[in-house]
Each structure stands twice: as structure tokens, then as C-alpha cells.
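Throughout, residue positions are numbered sequentially from 1 according to the sequence presented. Predicted model only: the values in this text are computed from it and were never measured.
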Amino acid sequence: VIGATGDGSWDNATGVWNVGSLAGNGASATLTLTVRVVGNGTVANAVVVNSTENTTDVPANSTNVTAKPDVRLNISKKANVTEAVVGDLIEYTIIVNNNGLSDATDVKVWDILPTTVEYDSGAQYYNENTRNASWTIDKIEAGKSATVTFVVNVTAVGNITNTAFANSEENKTVVNKTSENVTAIPNVELSVVKKANVTGTVLVGDKIKYEIVVTNSGLSDATQVKVIDVIDTKLVEIDNTETSPGYDSSINGWVVSSL
């Protein structure tokens with residue numbers, strides 16, 4: 001009871017309304033009680049009245065009121081990085097808050113992964129066909145929160161954006177939160193090896209053939225790869241008849257479109 005107004009006096013501790021004297025011939029007294037609902041279910045209460053002259057309790061029942069749970073979920077979500085290289089792992093943290101006055105039960109949390117990542121670990125359930133990582137939380141008490149984490153592997157370049165969802169048995173309305181973008185950058189690891197077909201001393205006029213091998217050991221394609229070999233033209237000249245096609249004298253090298 002948070003408020004009582006009307007005739008007589010109300011005792012909040014005992015729940016007794018002392019009307020005092022009530023004249024005959026249809027006289028009446030009125031009490032208005034304001035109560036706060038603190039639990040869900042059927043709210044039913046009965047009142048009885050008696051007097052010194054007639055001690056027999058006279059009952060009356062109020063109309064039942066159905067109290068529904070007050071569950072208000074919201075989600076926060078964050079990644080442990082803002083930038084990642086293809087092949088890196090990203091850990092996401094999802095926090096589900098229950099801002100209502102009732103406990104949330106059978107809370108479902110799910111996150112559908114984008115095609116730029118692959119699931120690694122952390123989810124209670126993972127469906128490879130739908131790319132859905134999910135959890136079931138038995139209960140989140142009123143005013144409390146629950147946290148889940150999962151890890152993905154970056155497989156493609158671009159902005160990685162994904163959204164977490166949640167609802168509960170008491171409130172089926174789905175709430176969601178999109179994480180801040182994580183920028184995935186290419187994983188290109190170039191190495192170069194160069195060798196000549198002769199060793200030791202050569203004579204003026206001899207030919208030397210060099211072989212240059214460029215390798216991309218990364219997980220992403222390398223594009224517009226420039227291979228530059230600075231030649232001292234005072235000492236040697238390039239034999240274009242035996243040089244790999246595509247040699248560009250302006251840069252002293254080659255441009256490989258993709259590797």
C-alpha cells in the first residue's frame with residue numbers, strides 16, 4: 001500500500017480500516033487504497049467488515065486483476081578490436097540487461113555471423129547452415145545482467161558488422177544491438193628470392209640470367225605487385241630477348257596484376 005485516503009483511519013501495519021461510528025438508514029464510509037504491484041500473477045484480495053454490535057464477518061471480494069511480468073531487456077555489444085587482419089581472431093562480448101521489475105526467464109540470445117568471418121568458439125550452440133550463434137540463459141533477475149562471449153576468425157577484407165538479438169519468456173519482443181564496425185584489412189606477406197645462373201667470375205660480354213621469385217604467403221590476394229630490380233647500366237645491359245615479358249624500364253621492374 002502506497003496511499004490511503006478517505007473516511008476513518010487506515011493502519012498499514014495491520015491492514016485494518018477503523019471507520020468509527022456509522023449511522024443507520026444507509027449511511028456509508030469510503031476508503032481508497034493505492035497499491036503497487038510487486039509480482040506477476042492473479043491479484044485477488046478480500047475484505048471483511050464487522051462491528052461491536054454485530055461481530056459476524058461480512059465478506060466481499062474485489063474483481064481479480066492479472067499482473068503481467070515487467071521484463072525490459074536491452075543489449076550492449078562490443079568487439080575487442082576496431083581493426084583486424086584477415087586471419088585474426090575477434091572476440092565479441094554481449095551483455096543482456098534486465099531493466100524491468102520482474103525476473104526474465106528462458107532468455108534467448110543469438111547472433112547471425114556475416115560472411116566475412118567464420119565461427120571459432122564460445123557459443124552454446126552454433127548452426128553452420130544459418131551461421132547462427134546462440135545461447136539460452138535460464139534467468140536474469142530484475143535489475144541484473146548476463147554476459148556471453150564468442151570468437152570469430154576474419155576471412156575476408158571489408159567492414160565487419162553484425163547484430164545480437166534477445167528476448168525472454170515473459171517478453172517476446174526482440175531487442176537488438178549492432179556492434180561497431182571492425183575493419184578487416186588484407187593479409188599479404190610477400191617475400192622475394194633472387195638467384196643467378198652463374199657464380200664467381202664472369203668476363204665482359206658474358207650473359208648472366210637472374211631468376212626472381214616473389215611469393216605471397218598471406219591469406220589475401222596481393223594486387224598490382226611491383227617487382228623492382230635496379231640495374232647498373234654502366235656495367236650491364238638488359239637482353240630483352242631473354243627477359244620475362246612485362247618488364248618496364250621506367251621502373252626497372254615488372255608489375256604483377258595479382259598474386
Visitor: Report the C-alpha separation of Val65 and Thr42 in whole Å, then their side-chain angles, then the decisive distance to 0.1 Å, and conclude whether the side-chain contact (heavy atoms from CB on, under 4.5 Å) test is met.
Guide: CA-CA 6 Å; Val65 175; Thr42 301; over 6 Å; no
Visitor: Check whether any side-chain heavy atom of Trp10 sits under 4.5 Å from a side-chain heavy atom of Leu33, and report yes or no.
Guide: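 When only atoms from C-beta onward are counted, Leu33 and Trp10 do touch, with a gap below 4.5 Å.
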Visitor: Under the criterion side chain to side chain donor-acceptor pair (under 3.5 Å), I'd like the reasoning laid out for Glu170 against Thr105: C-alpha separation, chi angles, the key distance, then a yes or no.
Guide: CA-CA 7 Å; Glu170 294 77 14; Thr105 62; 2.5 Å; yes
Visitor: State, to 0.1 Å, how close Val86 and Pro186 come at their nearest heavy-atom pair, and which atoms those are.
Guide: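 The pair with the smallest heavy-atom distance is CG2-CA, 4.3 Å.
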Visitor: Are any non-hydrogen side-chain atoms of Lys77 and Asp111 less than 4.5 angstrom apart?
Guide: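 With C-beta onward as the side chain, the pair touches.
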Visitor: Using every non-hydrogen atom in the two residues, find where Thr115 and Thr155 come nearest and quote the distance to one decimal.
Guide: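 Minimum heavy-atom separation between Thr115 and Thr155: O-OG1, 3.8 Å.
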Visitor: For Asn127 and Asn132, does a side-chain donor sit closer than 3.5 Å to a side-chain acceptor?
Guide: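 Not at all, the side chains of Asn127 and Asn132 share no donor-acceptor pair under 3.5 Å.
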Visitor: Using the rule given for salt bridge (Lys or Arg N to Asp or Glu O under 4.0 Å), can you reason through Asp70 versus Arg72, listing the C-alpha separation, both sets of side-chain angles and the distance that settles it, and then say yes or no?
Guide: CA-CA 7 Å; Asp70 174 40; Arg72 287 170 279 143; 3.0 Å; yes
Visitor: Rounded to the nearest 0.5 Å, how far does CG of Asn97 lie from CG of Asn74?
Guide: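 It comes to 4.5 Å.
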Visitor: Would the number of heavy atoms belonging to other residues, nucleotides or ligands and lying under 6.0 Å from NZ of Lys172 be above 12?
Guide: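 Buried by this count: over 12 neighbours within 6.0 Å.
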Visitor: Just so I know, are the side chains of Thr178 and Thr161 near enough to count as touching, which here means a heavy-atom distance under 4.5 Å?
Guide: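 Heavy-atom side-chain distance check passes, below 4.5 Å.
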Visitor: Inspect the surroundings of NZ in Lys194 and state if more than 12 heavy atoms from other residues, nucleotides or ligands are less than 6.0 Å away.
Guide: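 More than 12 within 6.0 Å, yes.
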Visitor: Would you find a donor on one side and an acceptor on the other, under 3.5 Å apart, between the side chain of Asn98 and the backbone of Gly143?
Guide: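 Absent.
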Visitor: Is there a side-chain contact between Ile75 and Asn176 in this structure, where contact means two heavy atoms from C-beta onward sitting under 4.5 Å apart?
Guide: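 They are not in contact (no side-chain heavy atoms under 4.5 Å apart), so the answer is no.
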Visitor: Are the side chains of Val182 and Thr82 in touch, meaning some heavy atoms are under 4.5 Å apart?
Guide: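 Answer no - side chains too far apart.
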Visitor: Working to the nearest 0.5 Å, report the span between CD1 of Ile90 and CD1 of Ile160.
Guide: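 So the gap between those two atoms works out to 4.0 Å.
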Visitor: Passes side-chain contact (heavy atoms from CB on, under 4.5 Å), Arg131 versus Glu118? Steps please.
Guide: CA-CA 9 Å; Arg131 303 180 62 79; Glu118 289 295 338; 3.6 Å; yes
Visitor: What distance separates Asn18 CG from Asp7 CG, expressed to the nearest 0.5 Å?
Guide: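 Here the interatomic distance stands at 12.0 Å.
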Visitor: Between Ile185 and Val157, is there a side-chain heavy-atom distance shorter than 4.5 Å?
Guide: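 A side-chain contact under 4.5 Å is absent here.
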Visitor: Taking Asp88 for its side chain and Val85 for its backbone only, find out whether a donor-acceptor pair lies under 3.5 Å.
Guide: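 Yes, Asp88 side chain to Val85 backbone: donor-acceptor pair under 3.5 Å.
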Visitor: Can you name the nearest heavy-atom pair linking Phe165 to Thr163, along with the distance?
Guide: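 Reported closest heavy-atom pair: CE1-O, 3.4 Å.
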Visitor: Within the 4.5 Å heavy-atom criterion, are Leu190 and Val192 side-chain neighbours or not?
Guide: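 No, side chains not in contact.
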Visitor: Grab the two heavy atoms, one from Thr136 and one from Asp106, that are nearest each other, plus how far apart they are.
Guide: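 Of all heavy-atom pairs spanning Thr136 and Asp106, the closest is CG2-OD1, 3.4 Å.
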Visitor: If you take all heavy atoms of Val71 and Asn171, which pair is closest and at what distance?
Guide: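 Here Val71 and Asn171 meet closest at O-ND2, 2.8 Å.
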Visitor: Walk me through it: do Tyr92 and Asn162 pass the test side-chain contact (heavy atoms from CB on, under 4.5 Å)?
Guide: CA-CA 10 Å; Tyr92 287 101; Asn162 64 317; 3.5 Å; yes
Visitor: Are Val47 and Val49 side-chain neighbours, meaning at least one heavy-atom pair lies under 4.5 Å?
Guide: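 They are not in contact (no side-chain heavy atoms under 4.5 Å apart), so the answer is no.
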Visitor: Please confirm whether the backbone N or O of Leu89 pairs with a side-chain atom of Asn153, one donor and one acceptor, at under 3.5 Å?
Guide: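 Not at all, since once roles are kept as given, no pair shorter than 3.5 Å links the two residues.
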Visitor: Which value, rounded to the nearest 0.5 Å, describes the distance between Ile94 atom CD1 and Trp110 atom CH2?
Guide: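 CH2 of Trp110 is found 11.0 Å from CD1 of Ile94.
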Visitor: Can a donor-acceptor pair be found between the side chains of Ser179 and Lys78 at a distance below 3.5 Å?
Guide: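 Judged by distance alone, the side chains do not pair up.
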Visitor: Can you measure from CG (Asn159) to OG1 (Thr183) and round to the nearest 0.5 angstrom?
Guide: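 Reported to 0.5 Å precision, the distance equals 4.5 Å.
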Visitor: Measuring from atom OH of Tyr126 to atom OG of Ser121, what distance do you get when rounded to the nearest 0.5 angstrom?
Guide: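 The OH atom of Tyr126 sits 12.0 Å away from the OG atom of Ser121.
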Visitor: Could you go step by step and tell me if Thr116 and Val154 meet the side-chain contact (heavy atoms from CB on, under 4.5 Å) rule?
Guide: CA-CA 6 Å; Thr116 47; Val154 180; 6.0 Å; no
